[in-house]
**Student:** 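Have a look at the structure that comes next, please.
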2 protein chains.
Amino acid sequence: MNETKKPNKQGRIRAESELKIITAAQEEFILQGYGGATVQSIADRSGLPKANILYYFKNKENIYHAVLERTLNMWDQAIGDIDPEHGPKVAIEKFIAAKVKISFEHPGASKIYAMEIIQGAQHLKEFTRTYQRQWVREKAKLFQQWIDNGEMKNVDPVNLIFLIWSSTQHYADFETQILQIMNRADYEEDDISHVTQFLTDIILRGCGLID
Amino acid sequence: MNETKKPNKQGRIRAESELKIITAAQEEFILQGYGGATVQSIADRSGLPKANILYYFKNKENIYHAVLERTLNMWDQAIGDIDPEHGPKVAIEKFIAAKVKISFEHPGASKIYAMEIIQGAQHLKEFTRTYQRQWVREKAKLFQQWIDNGEMKNVDPVNLIFLIWSSTQHYADFETQILQIMNRADYEEDDISHVTQFLTDIILRGCGLID
DNA sequence: CGCCGCCTTGACCTGATGGTCAATAAAAAT
DNA sequence: ATTTTTATTGACCATCAGGTCAAGGCGGCG
């Protein structure tokens, strides 16, 4: 184990500053993109002088990496695993509910991730190629077993995962568009459950898991 | 009389150069984002000297506008309207098929659009607020009538539109991720029909339009 | 207190970037 | 053929971006 590596208590100023910076940076990267965001704009948004930013992070790309890493950690922690214990219906229900929840509660994370992927996943190639591919294959195999057992209709498992993925994240990534179309200023409490209900309903029925 | 009333009915040289530029710019904007793309990089990619780019487009933002406009035109033309003549089943089938087709055939358009929306639709606020809101309301009303007539299950029409929207576009925007997960280099011919089939199947069943 | 290592920050440097210009070539129009 | 309009392009410029630095502040520990 590494004993000297964790300056938890010692670096509380550092921890606080880094959090401020990463938070400001995320907003800036979303609004302006990686190339459009400037270290100065991140500094302004975080309330720290530019040189201070560069004291905590060697350079701009470093800040971006930190933002991405935080995003992936949050996701990993929030989604967890699909629980195979109670069959496909419960598994899909839980998965959809979890994903909708993060989309509404952490839209920024989803947006950063989406932009990164759209731009070719230059900083995440390794992640998608290894970790994520593994995850999808595993879950797809699970669905396939349920299909083989006659517990659900014969739908392509991989595309099913993509469907859940895309339809849930849409509410984060396209927030702006959705709000404008619905002529609203913000999402409300009810929206999470309403959307969860809607998607669960359609997808479960689509999989032949409810009449 | 010169009925070239429009000042933009210039020569074919202009048309060709503008096309080259817009094409190169789209790729550059996707890869680097608006802020990350440089006029020089667009010049290099299009094979024209930088000063020539600025001769055809007053400035960088102008190029971006042209790219966006071309994207919207393409979409408008390719999707057309949902045809209400033959009931909800055919309408949804056609809509899904059309959207999947563009996603696979013009992924760049979808990507540009997605990035713009994610970043807050700063250049498209007017478009989404008027044109698009109108479109969605109109189609939602149509679905509602079908629901009231008992021709389809009672699913929220607006969210249904979002679902079709997101699930189809996902194959364009997240191309990189999908290909990596499926361990492939490119999409193939069959993918369009396979995905269309999959989505149509699930969504129609989800709406109670097939068994 | 007094020391030491972390923090803070204004000033500074260098290269890149958006954009202009004027001079020249190529087309079009007459 | 001559004139007029459109294209092409290298050189140039002001600004701004990322990143460095060194001088000073601060906090905790003996």
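Every chain is numbered from 1, with letters handed out A, B, ... down the list of sequences. Keep in mind that this is a model prediction, so the values were computed, not measured.
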**Student:** In this structure, how many angstroms lie between the P atom of D:dG18 and the CD atom of A:Q32, rounded?
**Tutor:** 12 Å
**Student:** Under a 3.5 Å distance rule, please check whether A:S103 uses its side chain to pair with a backbone N or O of A:T168 as donor and acceptor.
**Tutor:**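 Yes; judged by distance alone, with no hydrogens or angles, the pair exists.
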**Student:** Check the phosphate of C:dC6 against A:R14, side-chain N and O only, distance under 4.0 Å to OP1 or OP2. Yes or no?
**Tutor:** no
**Student:** Look at the side chain of B:R45 and the backbone N and O of B:S41, then say whether any donor-acceptor pair between them is shorter than 3.5 Å.
**Tutor:** no
**Student:** Got a second to check how far B:F95's CZ is from B:D83's CG, nearest 0.5 Å?
**Tutor:**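 Answer for the CZ-CG pair, B:F95 versus B:D83, is 13.0 Å.
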**Student:** Hey, can you tell me if B:F127 and B:Y131 have their rings parallel, tilted or perpendicular (30° and 60° cut-offs)?
**Tutor:**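 It falls in the parallel class, under 30°.
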**Student:** With 3.5 Å as the limit, what N/O pairs link the protein to nucleotides 23-30 of chain C?
**Tutor:**
from, atom 1, to, atom 2, distance (Å)
C:dA28, OP1, B:R12, NH1, 3.2

**Student:** Apply ring-ring contact (aromatic ring centres under 6.0 Å, His included) to the pair A:Y113 and A:W75, showing each step before the final yes or no.
**Tutor:** CA-CA 10 Å; A:Y113 182 78; A:W75 271 42; 4.9 Å; yes
**Student:** Could you run through nucleotides 14-22 of chain C and give me one letter per nucleotide, 5' to 3': B if any protein heavy atom sits under 4.0 Å from the base, S if only the sugar-phosphate is that close, - if neither?
**Tutor:** ---SBBB--
**Student:** Using whole Å, report how far CD of A:E16 lies from P of C:dC7.
**Tutor:**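 The answer, rounded to whole Å, is 11 Å.
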**Student:** Is the closest basic N to carboxylate O distance between B:K20 and B:E16 below 4.0 Å?
**Tutor:** no
**Student:** Counting just side-chain N and O atoms, does B:N52 come under 4.0 Å of either OP1 or OP2 of D:dA7?
**Tutor:** no
**Student:** Would you mind reading off the distance between A:L48 atom CG and C:dG10 atom C1', rounded to a whole angstrom?
**Tutor:** 15 Å
**Student:** Between P on D:dA7 and CD1 on B:I53, what's the gap in Å once rounded to a whole number?
**Tutor:**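 Rounded to whole Å, this separation is 14 Å.
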**Student:** Can you tell me which residue among B:Q180, B:H170, B:K111 is in a side chain to side chain donor-acceptor pair (under 3.5 Å) with B:E175?
**Tutor:**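 Among B:Q180, B:H170, B:K111, the one that satisfies the side chain to side chain donor-acceptor pair (under 3.5 Å) with B:E175 is B:K111.
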**Student:** Kindly say whether A:H123 contributes a backbone atom to a donor-acceptor pair with the side chain of A:E116 at under 3.5 angstrom?
**Tutor:**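 Indeed, once roles are kept as given, a pair shorter than 3.5 Å links the two residues.
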**Student:** May I have the distance from B:E18 (atom CD) to D:dA7 (atom C1'), rounded to whole angstrom?
**Tutor:** 13 Å
**Student:** Taking B:Y171 for its side chain and B:V195 for its backbone only, find out whether a donor-acceptor pair lies under 3.5 Å.
**Tutor:**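 Such a contact is absent between B:Y171 side chain and B:V195 backbone.
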**Student:** Establish, with yes or no, whether the OP1 or OP2 oxygen of C:dC7 is under 4.0 angstrom from a side-chain nitrogen or oxygen of A:Y55.
**Tutor:**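 For C:dC7, OP1 or OP2 has a side-chain N or O of A:Y55 closer than 4.0 Å.
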